[in-house]
Amino acid sequence: MIEAHDTINATALHDKLAPLDDQRYSSETCAQYAGQIARITRLKRERRAIVLAHNYQRPEIFEVADFIGDSFELARKAREVSDAEVIVFCGVHFMAETAKVFNPERSVLLPDLRAGCSLADSVTAEALADRAEELRKVYPDLKIVSYVNCTADVKALSDACCTSANAAKVVNAIDSGNILFVPDQNLASYVQTQTSKRIISWDGNCYVHHQITPEEVERARAAVPGLLVIAHPECRKDVIAMADAVLSTSAMMRYAKESPAEKFLIVTECGLSDRLLLEVPEKHFYKACVLCRYMKMITLDGVADSLEHLRYAIELPAEVREGARRALERMLELGA
Ligand code: 13P
Ligand code: SF4
């Protein structure tokens, strides 16, 4: 996690990012970003707003963020907000919902409502309720653990939530030997390697991670001697089997900083490699170049408009909010 800067240095931003994409971060682009960043800084002050951003956001979004982190850190941070009236969430819809769960009195804004998630789309509360009812006939002690990448009404039906940073910990700590794990089949299969409990998996996946193949990882390894492979647990089982470490996005950041190794293949959404490039310039990062189209819906213009027009406000019915809060609090208790 980092506390991000609230000042801009367009030249520094350009210098750091030039090798990534010289076209996109030309001097003209940076000058344009500087104007947008100045507008956002002013609006944040006027609205008494803070900006929370996920690790997969665009580098220029990091420049306006008060806090950047993985899903677990963002949930914890959202719960601790004390002095802001508005929270602008630079991430995807389910994350903004979590911020709203912890901040019912504050205005929580998502700059673009198209910022969804293929995992969250793969399970509805109705389908989950039906499946759980069916399974409880066979496993009366069944507990539902939901990965935070799901809607608030799915969370509300869960006994506990988890993130990629604490999934095995939550599953091992919950008082049942039979767990219905939703919605990520890849994370479920990874958790199964860390527990003796029975994991019954949903069949959702993240379209970003699921498309990465072991052949691609093998090709990168063959091309770059000494390459350390760090994979996200949303990756396929055959990709995870090749990894030197399996970590959440922020744990990848810490690992890359602390490891004596020099060269890493970052097997997750590309935005994380951008953050690594900015913060660990002395090491070499090779990326599995896949972008999450949902995360990339958030732009500086969108953030500025969101603050200007106070849009798009996340609203949740009270019973969904309270149910989701119970499952999220349970995660914080079991998985801290
Ligand atoms: P983490 O940042 O929690 O590892 O999650 C990755 C992700 O896919 C979020 O949508
Ligand atoms: Fe959802 Fe995957 Fe995008 Fe994360 S990277 S928001 S899990 S689609």
Side-chain angles (χ1 to χ4, degrees), residues 1-2 52-58 61-62 65 67-78 89-99 110-123 145-152 154-155 161-170 181-188 190-191 202-212 230-236 239-240 243 245-256 266-276 287-298 328 331-332 335-336:
M1 110 187 71
I2 60 164
L52 305 183
H54 186 264
N55 285 325
Y56 293 159
Q57 290 293 292
R58 298 164 185 272
I61 294 290
F62 295 157
F67 182 84
I68 306 166
D70 66 11
S71 308
F72 185 60
E73 292 166 337
L74 287 164
R76 242 184 4 206
K77 188 72 184 176
F89 209 101
C90 296
V92 292
H93 197 274
F94 73 82
M95 297 177 174
E97 277 190 344
T98 297
L110 182 66
D112 193 320
L113 287 177
R114 293 171 302 168
C117 168
S118 68
L119 261 176
D121 286 348
S122 69
V123 55
V145 175
S146 61
Y147 185 34
V148 287
N149 297 38
C150 63
T151 56
V154 165
K155 290 183 176 78
C161 291
C162 70
T163 72
S164 57
N166 59 25
K169 212 168 177 179
V170 170
F181 191 96
V182 294
D184 188 3
Q185 61 191 34
N186 291 328
L187 182 59
Y190 178 63
V191 169
W202 203 258
D203 64 356
N205 59 59
C206 161
Y207 90 98
V208 175
H209 292 87
H210 202 65
Q211 66 185 278
I212 302 168
I230 316 181
H232 194 275
E234 285 174 20
C235 290
R236 288 165 31 169
V239 168
I240 284 183
V246 181
L247 300 165
S248 79
T249 55
S250 285
M252 285 181 177
M253 292 292 304
R254 289 189 288 275
Y255 187 90
I266 304 300
V267 191
T268 191
E269 207 267 356
C270 279
L272 191 79
S273 314
D274 297 347
R275 192 179 161 196
L276 281 162
K287 48 189 180 179
C289 219
V290 274
L291 293 172
C292 172
R293 64 172 174 265
Y294 303 110
M295 286 280 177
K296 266 50 187 185
M297 293 284 173
I298 310 297
L328 285 160
M331 166 183 83
L332 294 168

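Atom set for the values below is all heavy atoms of this structure, side chains included, hydrogens, waters and symmetry mates excluded. Treat the numbers as computed from the prediction; the structure is a model and nothing was measured. Every number for a ligand or one of its atoms is a count from 1 in the order of the listing.
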Taking atom [atom1] of [X] and atom [atom2] of [Y], what is their separation to the nearest 0.5 Å?
X: R293; Y: E269; atom1: CZ; atom2: CD; result: 12.0 Å
X: C90; Y: M295; atom1: SG; atom2: CE; result: 10.5 Å
X: R254; Y: D70; atom1: CZ; atom2: CG; result: 7.0 Å

For this session: Could you label the plane-to-plane angle of the Y207 and Y294 rings as parallel, tilted or perpendicular, counting under 30° as parallel and over 60° as perpendicular?
Result: perpendicular
Exercise. So is E234 close enough to ligand 2, meaning a heavy atom under 4.0 angstrom away?
Worked result: yes
Problem set entry | Residues C235, Y190; criterion side chain to side chain contact (heavy atoms under 4.5 Å, CB included); working and verdict | CA-CA 9 Å; C235 290; Y190 178 63; over 6 Å; no
Closest protein heavy atom to [atom], given as residue, atom name and distance to 0.1 Å:
atom: atom 7 (S) of ligand 2; result: N149 ND2, 3.1 Å
atom: atom 2 (Fe) of ligand 2; result: C206 SG, 2.3 Å
atom: atom 3 (O) of ligand 1; result: S71 OG, 2.8 Å
atom: atom 10 (O) of ligand 1; result: N149 ND2, 3.3 Å
atom: atom 3 (Fe) of ligand 2; result: C292 SG, 2.4 Å

For this session: For the pair T249 and H54, evaluate side chain to side chain contact (heavy atoms under 4.5 Å, CB included) and give the outcome as yes or no after the intermediate values.
Result: CA-CA 9 Å; T249 55; H54 186 264; 4.0 Å; yes
As an exercise, identify every atom of ligand 1 less than 4.0 angstrom from a heavy atom of [X].
X: S164; result: 1 (P), 3 (O), 4 (O)
X: H232; result: 1 (P), 4 (O), 5 (O), 6 (C)
X: E234; result: 6 (C), 7 (C), 8 (O)
X: M95; result: 9 (C), 10 (O)

For this session: State whether the shortest distance between N or O atoms of S248 and N or O atoms of ligand 1 falls below 3.5 angstrom.
Result: no
Exercise. Checking side-chain hydrogen bond (donor to acceptor under 3.5 Å, both in side chains) for the pair Y56/T268: CA distance, chi angles, key distance, verdict?
Worked result: CA-CA 9 Å; Y56 293 159; T268 191; 2.6 Å; yes
Exercise. Under a 4.0 Å heavy-atom limit, does T163 contact ligand 1 with its side chain, its backbone, both, or neither?
Worked result: neither
Exercise. Is H54 in contact with ligand 1, taking contact as a heavy-atom separation below 4.0 Å?
Worked result: yes
For this session: Report the C-alpha separation of S71 and N149 in whole Å, then their side-chain angles, then the decisive distance to 0.1 Å, and conclude whether the side-chain hydrogen bond (donor to acceptor under 3.5 Å, both in side chains) test is met.
Result: CA-CA 9 Å; S71 308; N149 297 38; 4.6 Å; no
For this session: Test side chain to side chain contact (heavy atoms under 4.5 Å, CB included) on L272 and H232 and set out the steps.
Result: CA-CA 11 Å; L272 191 79; H232 194 275; over 6 Å; no
Exercise. Within less than 2.8 Å of atom 2 (Fe) of ligand 2, any N, O or S from C117?
Worked result: no
For this session: List the steps and the verdict of side chain to side chain contact (heavy atoms under 4.5 Å, CB included) for C150 and K155.
Result: CA-CA 7 Å; C150 63; K155 290 183 176 78; 3.6 Å; yes
Problem set entry | Numbered atoms of ligand 2 (with element) below 4.0 Å of Y56, judged on heavy atoms | 5 (S)
